[in-house]
Amino acid sequence: MKRLFLSISLLVLSKFSAQTWATEDQYIQKFAKYAVEEMEKYKIPASITLAQGLLETGGGQSRLALEGKNHFGIKCKEDWTGKTMKHTDDAPNECFRVYEDPRQSYEDHSIFLSTRKYYANLFNLDMKDYRAWAYGLKKAGYATNPRYASILITKIEKYKLYEYDNTNSNEVLYAVLKMYPDLKDDRTFMAQLDPSKTVKKAKEPVTVEVPYKQTSYAQQQKRVERIKTKAEILNSILIKSHPNDGLKYIVIPEDTNVQFIANKFKVSEGRLIKWNELEGNTLKKGDIVFLESKNSSGNTATYKAESGENMHDIAQKFGIKLHKLYAKNRMDEGQQPSTGQLIYLIDKKPRN
């Protein structure tokens, strides 16, 4: 009887062990969807993001990941205004960012790469060429380990993370299931795939405040949808790379304010106002907003001012500091160009 009990116990334990994943497999299952969401928004390969997360967190087990929800080892830097924690990395008691949840860490990692000039060349690479991205990160100085690129590539190929470069946020969980078929027995995971068992979670819920106005229900509903659509459009802004030395900028798709952009891209309002020489907090549809300091010169020699353009418009169009643009053209600050006036962007305007 004891032998029979022992045999049954071993059988149960062996089955349980077969369904227990290694730490890194569990990490992939949990965070692959975040990596794919970031790939769609910022054009960073999901394979690279996942491999970096695996490496930086030790499969989700690092102190930074567990206590600070920090999955990429991003330090405080001068522009961080959120919570922090001390951790010994390259030096004792360095300052690291703390997040409310891992998804914030994933997006901050995307913003970190896409808004810093020394990573600009990465975004010229094929998004599915994970090898080029791995070596590009090392070349740009992301890590000091001389084997950093090869370590990332090894993880990508070991776990076939490149498969996630070929999916989207609607299908990523099916890609995970394909890689880990035994997840079909995991009720929690399968519930995410079955709409009848769970409420589908919106990507980024939008809170809409509609000022009251006495009108018909149908008109009020149209108004709600219009405001809701505007909020969704603003939440989908993508960072672009400017021809003037790869400066990172955005184009405002709907009227908004500096505070919204500052919160979304984790940049202080003061820096945005200074970098873009703004006189107020309002941003209009079509405005160009730089997420870093502009350059002192343009990338083309001259430009003819168009009807209705002012010097600030031209400075934003070409990524040039406004006071430098005035100086190059021997104009007083506040003076505006006439239609067709030749504006010098690199060298100083010759004296008459």
Is it true that the side chains of [X] and [Y] contain a donor and an acceptor less than 3.5 Å apart?
| X | Y | value |
| --- | --- | --- |
| S110 | E38 | yes |
| K155 | Q52 | no |
| S297 | K328 | yes |
| E107 | Y42 | yes |
| Y159 | E24 | yes |
| Y130 | D165 | no |

Output yes when a side-chain donor or acceptor of [X] lies under 3.5 Å from a complementary backbone atom of [Y], and no otherwise.
| X | Y | value |
| --- | --- | --- |
| N145 | R147 | yes |
| E40 | S169 | yes |
| T57 | G53 | yes |
| Q316 | I288 | yes |
| N70 | V98 | no |
| W133 | D126 | yes |
| Y326 | Q335 | yes |

Test salt bridge (charged side-chain N to carboxylate O under 4.0 Å, His left out) applied to E157 - qualifying residues, sequence neighbours left out: R131
Would you say that [X] contacts [Y] through its side chain, given a criterion of any heavy-atom pair below 4.5 Å between the two side chains?
| X | Y | answer |
| --- | --- | --- |
| L325 | F318 | no |
| Y142 | F72 | yes |
| L278 | L283 | yes |
| E292 | R116 | no |
| I261 | I252 | yes |
| L54 | L161 | yes |
| M179 | Q29 | no |
| K348 | Y344 | no |

Closest non-hydrogen contact found for G60 with A65 is O-CB, 4.1 Å
Looking at every heavy atom in both T339 and S307, which two are closest together, and how far apart are they?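 Closest heavy-atom pair between T339 and S307: OG1-CA, 3.4 Å.
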Is the gap between the ring centers of Y34 and H109 under 6.0 Å? no
Relative to the ring of Y106, is the ring of H71 parallel (under 30°), tilted (30 to 60°) or perpendicular (over 60°)? tilted
State whether K178 and E163 are salt-bridged, where the test is any N-O pair (Lys NZ or Arg NE/NH1/NH2 against Asp/Glu carboxylate O) under 4.0 Å. no
Within a 6.0 Å radius of atom NZ on K317, are there more than 12 heavy atoms belonging to other residues, nucleotides or ligands? yes
Mark yes when over 12 heavy atoms from residues, nucleotides or ligands other than K158 sit less than 6.0 Å from its NZ; otherwise mark no.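 It does not: K158 NZ has 12 such atoms or fewer within range.
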Is K248 positioned over the aromatic face of F265, cation under 6.0 angstrom from the ring centre and no more than 45 degrees off axis? no
Out of K266, R97, K69, which residue meets the salt bridge (charged side-chain N to carboxylate O under 4.0 Å, His left out) rule with D108?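 So the option named by the test is R97.
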Does E100 form a salt bridge (Lys or Arg N to Asp or Glu O under 4.0 Å) with K83? I'd like the steps, not just the answer. CA-CA 9 Å; E100 295 298 323; K83 295 180 181 179; 3.6 Å; yes
